[in-house]
Amino acid sequence: MYSNLAAEQHGGFISTIGNINACSSYLCMTIPAGMTLYFVAEDKYLKIGSGVFLALGFLAGYCAHSESWLLGMGVSFLVLLWFAMRDFVSMLKFLEICGILWIASVFMKVTVLIAGILECNSYMYLNFSFDKMQNELLLNGYLLAVEGILIAGVLFFIWSRKKSGKDLPYGMIRKIIFIAVAVVAVIGILLIAAANLNRSTWEGAFSVLERLRLQDSWGSSRGYIWRLTVEAWLDLPLWDKITGYGVNYYHMFIQQYGGAEVTEYFGGALLVDAHNELMQILTTMGVLGVVGYFGLLISTIVKSAKRVVVRPSLILGVIVVCSYIAQGLVNNPTVFLTPYLFVMLGIIKSMERDRDAEK
């Protein structure tokens, strides 16, 4: 894998399935599947096995050293919380999964500390030790202590309520939590959109919006790539906007509309994808491709969600697809991932049509 690869790029290929972003995209499908299995498993040994799988999966996410996996995991936990807030048993299972993530995080923290003492020089350790988001923030010792106490406290509270037979108004609590999440998300999206759509500088009371303006250097130059991609797509003829420039022809599209600027910015390297699945589909397959592709994904989520009550294992169709879409905000479909996604979709569709399992 390292043959003819620039030395400074070696740290980006420490996984066994493409680069670190491809690995994170893969984990954003497999870990949610493991979460579903743990959540619906009734057999003791299957639950233990899926728990071990989850712990290893969370560790792999840290080791992949790509923060994009956090998007998929964040959405996965929100989806699972939605389905868990219906009874004590479901909530206890959800909190157990939170506990598995916490244990994996503590194990990762200890591993990093030991690696530092032993002066380890592996790519994984060297990259991760300078990661401000994951190593310095998420694995901060004080934060881990607070998280552990919080998870244990809520677990004890739910367990004690269950033992005493005192029910909780799960429906009302769920509505409050998710309405709050939705309001914060909408406000955040509107503020970011306002900050970036305004061509001039925000001044006075609105000067704080300047901090939300997307910089070219953001996200390993994703800010630059996204800005250039949107500007180039707007320059496309109307028919190409509808049908796309051509499947797998992003590199030619951006070269034609970005030209020497792209080559100079990346030091002569070829830009081959948009690092955003929506933009990639939009530029290569057009509006029709976006409607068809994301229509398939969204319809899968909706159909699965409607039948979860009948068949709880169809949480798989909601959590996996939502997680994949979330990580796709900063990643790209690749030959390693798209086939696996459609295998997962095939499994989900098969489960939807399995009438016998519902009887």
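Computed from a predicted model, the values in this text were never measured in an experiment.
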Quick one: [atom1] on [X] to [atom2] on [Y], what's the gap to the nearest 0.5 Å?
X    : Y    : atom1 : atom2 : result
L37  : L54  : CG    : CG    : 8.0 Å
I158 : L92  : CD1   : CG    : 6.5 Å
C28  : L337 : SG    : CG    : 10.0 Å
I173 : K175 : CD1   : NZ    : 12.5 Å
D235 : D240 : CG    : CG    : 12.0 Å
D273 : I225 : CG    : CD1   : 7.0 Å

Open item on the list: Please confirm whether the ring centroid of W233 lies under 6.0 Å from the ring centroid of F253.
Closed with: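 No - the distance between ring centres of W233 and F253 does not fall below the 6.0 Å cut-off.
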
Open item on the list: Looking only at the aromatic ring of each residue, does the gap between the centers of F39 and F94 stay below 6.0 angstrom?
Closed with: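 They do not qualify: ring centres at least 6.0 Å apart.
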
Testing the basics here: between [X] and [Y], what is the closest heavy-atom pair and its distance to 0.1 Å?
X    : Y    : answer
F157 : S160 : O-OG, 2.7 Å
I97  : F58  : O-CE1, 4.3 Å
V272 : H251 : CA-CB, 4.0 Å
V318 : S304 : CG2-CB, 3.9 Å
Y125 : G116 : OH-CA, 3.1 Å
S323 : P32  : OG-CG, 3.6 Å

Open item on the list: Apply side-chain hydrogen bond (donor to acceptor under 3.5 Å, both in side chains) to residues D87 and S90 and explain how you reach the verdict.
Closed with: CA-CA 6 Å; D87 55 54; S90 298; 2.9 Å; yes

Task: Plane angle bin for W218 and W226 - parallel if under 30°, tilted between 30 and 60°, otherwise perpendicular - done: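 The rings of W226 and W218 sit tilted, inter-plane angle from 30° to 60°.
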
Open item on the list: Students often mix this up, so state it plainly: with edges at 30° and 60°, are the rings of Y257 and Y245 parallel, tilted or perpendicular?
Closed with: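 Rings of Y257 and Y245: perpendicular, as their planes differ by over 60°.
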
Does a sphere of radius 6.0 Å around [atom1] in [X] hold more than 12 heavy atoms from other residues, nucleotides or ligands, not counting ones at 6.0 Å or beyond?
X    : atom1 : result
F266 : CZ    : yes
Y250 : OH    : yes
K109 : NZ    : yes
K306 : NZ    : no
Y249 : OH    : no
K303 : NZ    : no

Open item on the list: Evaluate T229 against Q280 for side-chain contact (heavy atoms from CB on, under 4.5 Å), listing each step before the verdict.
Closed with: CA-CA 9 Å; T229 299; Q280 184 80 9; over 6 Å; no

Test of understanding: clusters of I, L, V, M, F, W, Y form through side-chain heavy atoms closer than 4.5 Å, transitively. Do [X] and [Y] belong to the same one?
X    : Y    : value
L296 : L278 : yes
I242 : L234 : no
Y142 : L138 : no

TODO: Begin with the C-alpha distance, continue with both residues' side-chain angles, and end with the deciding distance and a verdict on side-chain contact (heavy atoms from CB on, under 4.5 Å) for L297 and L345.
DONE: CA-CA 8 Å; L297 298 183; L345 290 174; 4.0 Å; yes

Side chains of [X] and [Y]: is there a donor and an acceptor less than 3.5 Å apart?
X    : Y    : result
S25  : Q327 : yes
E277 : Y293 : yes
S105 : Y62  : yes

- [ ] Apply side-chain contact (heavy atoms from CB on, under 4.5 Å) to C63 and M108, showing your working.
- [x] CA-CA 9 Å; C63 293; M108 186 68 189; 4.0 Å; yes

Open item on the list: Could you tell me if the side chain of I100 sits less than 4.5 Å from the side chain of Y38, heavy atoms only?
Closed with: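 When only atoms from C-beta onward are counted, I100 and Y38 do touch, with a gap below 4.5 Å.
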
Open item on the list: Are the side chains of M29 and I319 in contact, using a 4.5 Å heavy-atom criterion?
Closed with: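 Side chain of I319 against side chain of M29, heavy atoms only: no contact under 4.5 Å found.
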
- [ ] Could you tell me whether K93 and E96 have a side-chain N and a carboxylate O separated by less than 4.0 Å?
- [x]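 Result for this pair is no, no salt bridge flagged.
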
- [ ] Before giving the answer on side-chain contact (heavy atoms from CB on, under 4.5 Å), spell out for M91 and L81 the whole-Å C-alpha distance, their side-chain angles and the decisive distance to 0.1 Å.
- [x] CA-CA 8 Å; M91 276 302 300; L81 177 60; 4.2 Å; yes

- [ ] Assess whether ring pair (Phe, Tyr, Trp, His ring centres under 6.0 Å) is satisfied between F336 and Y26, documenting all intermediate values.
- [x] CA-CA 8 Å; F336 301 108; Y26 173 77; over 10 Å; no

